[in-house]
Amino acid sequence: MKTLILLLPILIFSFNGMAQTDREQEKRLGTEVTVQPKVKVFPNPATSVVNILGLSNTNRAEITVSDVYGNIVLQHRWAVRNHAVNIPISDLHPGIYIIAIRSEEQQVQTKFYKQ
């Protein structure tokens, strides 16, 4: 029985120092993006209230809660105080939900599990 050995050519690309980090490219293009602090969602899983910390304070934040299929199940305008908001979820069915928080200061999207 014969053994067949295939030799495939290996391609090596050289960019001659042209590689740039994303940050360098953003600066070059004038599109530098500010990094938002990480928000914390707890408790997760939740039963009656979801707390979100790390938000920018604002008088008007549009908060939307959607199921995993994109159906909006809760929508309200809240003020964000002390960099936090508490969202009542006791009327929601158990499952995975996505929270979108939009204001002039920031846009945040995160998810949580309702028990």
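We count residues from 1, following the sequence as given.
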When rounded to the nearest 0.5 angstrom, what distance separates [atom1] in [X] from [atom2] in [Y]?
X	Y	atom1	atom2	value
N71	Y69	CG	OH	9.5 Å
Y97	Y113	OH	OH	9.5 Å
T64	I72	OG1	CD1	5.5 Å
K40	T110	NZ	OG1	13.0 Å

- For N59 and R81, does a side-chain donor sit closer than 3.5 Å to a side-chain acceptor?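 There is such a pair (donor and acceptor under 3.5 Å, judged by atom type) between the side chains of N59 and R81.
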- Query: Judged by modelled atom types alone, do Q115 and T47 share a side-chain donor-acceptor pair under 3.5 Å?
  - Reply: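 No, no side-chain donor-acceptor pair sits under 3.5 Å.
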- Message: Test of understanding: with ring pair (Phe, Tyr, Trp, His ring centres under 6.0 Å), list the residues that count as partners of H76, not counting sequence neighbours.
- Response: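 If we apply the ring pair (Phe, Tyr, Trp, His ring centres under 6.0 Å) test to H76, skipping adjacent residues, the hits are W78.
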- Item | Option passing side chain to side chain contact (heavy atoms under 4.5 Å, CB included) with I87 (candidates V41, N51, I52) | I52
Quick one: does any side-chain atom of [X] pair with a main-chain N or O of [Y] as donor and acceptor, under 3.5 Å?
X	Y	answer
N82	A84	no
N57	H83	yes
Q106	S56	yes

- Task: Determine, using the 4.5 Å side-chain heavy-atom cutoff (strictly less than), whether L74 and I99 are members of one ILVMFWY cluster.
- Result: yes
- Message: With clusters defined by side-chain heavy atoms of hydrophobic residues (ILVMFWY) lying less than 4.5 Å apart, directly or transitively, does I101 cluster with V73?
- Response: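 Yes, V73 and I101 fall within the same hydrophobic cluster.
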- Below 4.5 Å, heavy atoms only, C-beta onward: do I98 and Q109 meet side chain to side chain?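 A side-chain contact exists here, since the closest heavy-atom pair is under 4.5 Å.
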For the residue pair [X] and [Y], what are the closest heavy atoms and their distance?
X	Y	answer
K114	I89	CE-O, 3.1 Å
L92	V65	CD1-CG1, 4.2 Å
G54	V39	O-CG1, 3.8 Å
T58	A61	CG2-CB, 3.8 Å

- Does the distance from a Lys or Arg side-chain N to an Asp or Glu carboxylate O, for R102 and E62, drop under 4.0 Å? no
- Decide if atom CD1 of I96 counts as having more than 12 heavy atoms of other residues, nucleotides or ligands within a radius under 6.0 Å.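 Result for CD1/I96: open.
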- Query: Above 12 or not: heavy atoms from other molecules or residues under 6.0 Å from CZ of R60?
  - Reply: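 Open.
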